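In what follows, a single structure is set out as structure tokens and then discussed.
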Amino acid sequence: MGKPPLFFSNLCIRKSPNPVQNTNPQNRFRNRSFCNDKIDGQCEEFGKNLQNTDVVFAQEISNVIQTRPRWEQTLLSDIPGVNFVDPNVYNEVLKQQKNVLLSVRFYYWVGSQNGFSPDPVSCNMIFSRLVEAKAAIAAKSFLEETKFEPEPGCLESYIGCLFENGLVEEALDVFERLKMAGHSVSLKTWNSAMLQSVKAKRVEIVWKLYSDMLEREVVGDVDTIGYLVQAFCIENKVAEGHKLLQQVLEVGHVPSNSAFNKLISAFCKSGDYAKVSALLHTMIAKNCSPDIHTYQEVIHGLCKRRMRHEALRIFNTLKDRGYFPDQVMYTTMIHGLCKMKWLGDARKLWFEMINKGIFPNEHTYNVLINGLWRTGNTEEAEKLYKNMCERGYGEFIVSYNTMINGLCLNGKLDEAHVLFDQMAEKGIVPDTITYNSLIQGFSKRGKISEGRYFLDQLLKQGLQPSTASYTVLIEKLCEAGNVGEAKAFWKDMVDRGVEPAVSAHDAMILGLCEQGNVAEGMEWLGTMLKSRLKPQKQTFERLVQCLSKADKLSDALFVLDYMLKMGFEVSEYIFLSLVKKLCQDNSSHFEMCFGRILERSRGS
DNA sequence: GTAGGGTTAG
């Protein structure tokens, strides 16, 4: 492996003309004003027959329902002489009343009066309000209850509202409904549906929407293509996404930053830095500056691929060139530094961000606390945890797991147990990571029965165990000479579809050797080699020793030969013990075999 | 857009 390419030439990190993020006007904003225009238009329409007294009554009613919590019981007597079921009056009330909840309550209250039948105008008004307030579920049940036919424009806004609330199937139904009504949905709505699907990573919906668009002969724009590029990235079809982007660029269009960012993120992950660099250059050339999110992807991608030095270099260059890293970027960088165990630099960044007025959030706290635990800075970790709790970030599953794992790593088992109990009191449900930390922490320190207990609890909670749930326990049982129980756990693990760790194989072989059961040890070695798993040097050596001790010289030499072929360097004492054995036995045949093996290993 | 495990190679 050569050095990582220095792809960030000066050109790529341009001094940001406006380091503050670009604010992209969201579609929903436009929808909202569109929705209001509609309502006001409707109101104007029946304003024609409106009399002054109606407006005055409406004001009185509005006043009462806004100020009296239980107005439903008194409204009739409070304002005598009003015909509440007169559409002019109640529509005027709905118009005046900006509070969605009160509007709905008033609507239902009027509905409970005799002689009332909802008219489409008021239904549409209530429905629009609910959509505007993003109350998707309320809007949906209102629609089902009243069974009125909303304005197509309102239904379009409703689609966005449903998408934002994750009610994808319902949103697609509304698309169908508009299609049946012969209404052609605006590109804005198609695009916002696609955007929501991309955000929810529902790629299949993106493709469905796009094929519907084609079917209805709706021509997409550069935003549409941007969403398709992102969809390709989510599906890991980065090359196709990249090709599509290049096609749009050739025609002279430039998609939004997020399409570029997704591609950059994907190429960072696959380590294709030449493409990352090219994309950054393209962005700059097309006057679509890389923003803080773009560089955030780059730094995150580099940290993920353990190119943290490079990430730090870019992070510092960005600061030099006038960018202002935000909370997320600082957190990502501190995380990278903690992984490198560069706690000094991590601390420096921590204080730097605070000095700049950017305060650590629960992510930042967790990253640093975890780094402190992993480097044995126990006192500082505990202090920072206390500080985090004071800020109200202490009661998340992740913060508990960070602490429990950190305490376990540092042998503070009792404290870990206390926190585990505290979780139950706070109603935070432990997950596999919580249990794994405890199983490993206790088992590693020889507390096998506690380890066994936590594994048992994990399974009793119906959680799916992972490789790590069993590994240390099996290793420790083998070390303690309890190979039988280790085998039972092994079987349980395999039955549950969990892949045993390579090191667990090694542990089993060593355990069997210690028990004097070399023959079975050899069987396990055979299984390992057949599965192309690489045993540890120690495993081979222990087998050679035990085999020679059991006078199985032929097997011992076979194992020795195998390990040399796998490129291991054999410890001197192993050779010495073999030579001693051969001298004792005075066997010229094995001596010859041994000599040949040695010759070959020297030759290679 | 960021966090906890394990992963890896050393």
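Numbers restart at 1 for each chain; the letters A, B, ... are given by sequence-line order, proteins then strands. This one's a predicted model, so the numbers in the text were calculated from it and none came from an experiment.
Whole-Å rounding puts the A:Phe315 CZ to B:dT2 C1' distance at 12 Å. Straight-line distance from the CE atom of A:Met333 to the P atom of B:dT2: 16 Å, rounded to whole Å. One interatomic measurement links the two molecules: CD1 of A:Ile404 to C1' of B:dG5, which rounds to 12 Å at whole-angstrom precision.
Not counting sequence neighbours, A:Lys243 has no partner by the side chain to side chain donor-acceptor pair (under 3.5 Å) test. Listed by chain and residue number, A:His242 satisfy the ring-ring contact (aromatic ring centres under 6.0 Å, His included) test with A:Phe267 (two or more places apart in sequence, or in another chain). Under the salt bridge (charged side-chain N to carboxylate O under 4.0 Å, His left out) criterion, A:Arg496 pairs with A:Asp492, not counting sequence neighbours. For A:Phe315, the ring-ring contact (aromatic ring centres under 6.0 Å, His included) partners are A:Tyr330, not counting sequence neighbours. By the ring-ring contact (aromatic ring centres under 6.0 Å, His included) test, A:Tyr210 pairs with no residue at all, sequence neighbours left out. Checked against salt bridge (charged side-chain N to carboxylate O under 4.0 Å, His left out), A:Lys348 has no partners two or more places apart in sequence or in another chain. Judged as a ring-ring contact (aromatic ring centres under 6.0 Å, His included), and not counting sequence neighbours, the contacts of A:His309 are A:Trp342.
Sorted by first and then second residue, the side-chain hydrogen bond (donor to acceptor under 3.5 Å, both in side chains) pairs with a member in residues 503-512 of chain A read A:Glu475-A:Ser503, A:Asp506-A:Thr539; sequence neighbours excluded.
Side-chain nitrogen and oxygen atoms of A:His335 include at least one within less than 4.0 Å of the OP1 or OP2 phosphate oxygen of B:dA3.
For residues 432-465 of chain A, proximity to DNA chain B is found at A:Ile433, A:Gln440, defined as any non-hydrogen atom under 4.0 angstrom from a strand atom. Contacts between residues 353-384 of chain A and DNA chain B, counted as heavy-atom distances below 4.0 Å, involve A:Asn361, A:Glu362, A:His363, A:Asn366, A:Val367, A:Asn370, A:Arg374. The stretch residues 471-478 of chain A has no heavy atom under 4.0 angstrom from DNA chain B at all.
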Extract from the structure each pairing of a protein N or O with an N or O of nucleotides 7-10 of chain B at less than 3.5 Å, listing the distance.
unit_1, atom_1, unit_2, atom_2, d
B:dT8, O2, A:Arg306, NH1, 3.4

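Between the side chain of A:Asp326 and the base of B:dG1, at least one donor-acceptor pair of N or O atoms lies under 3.5 Å.
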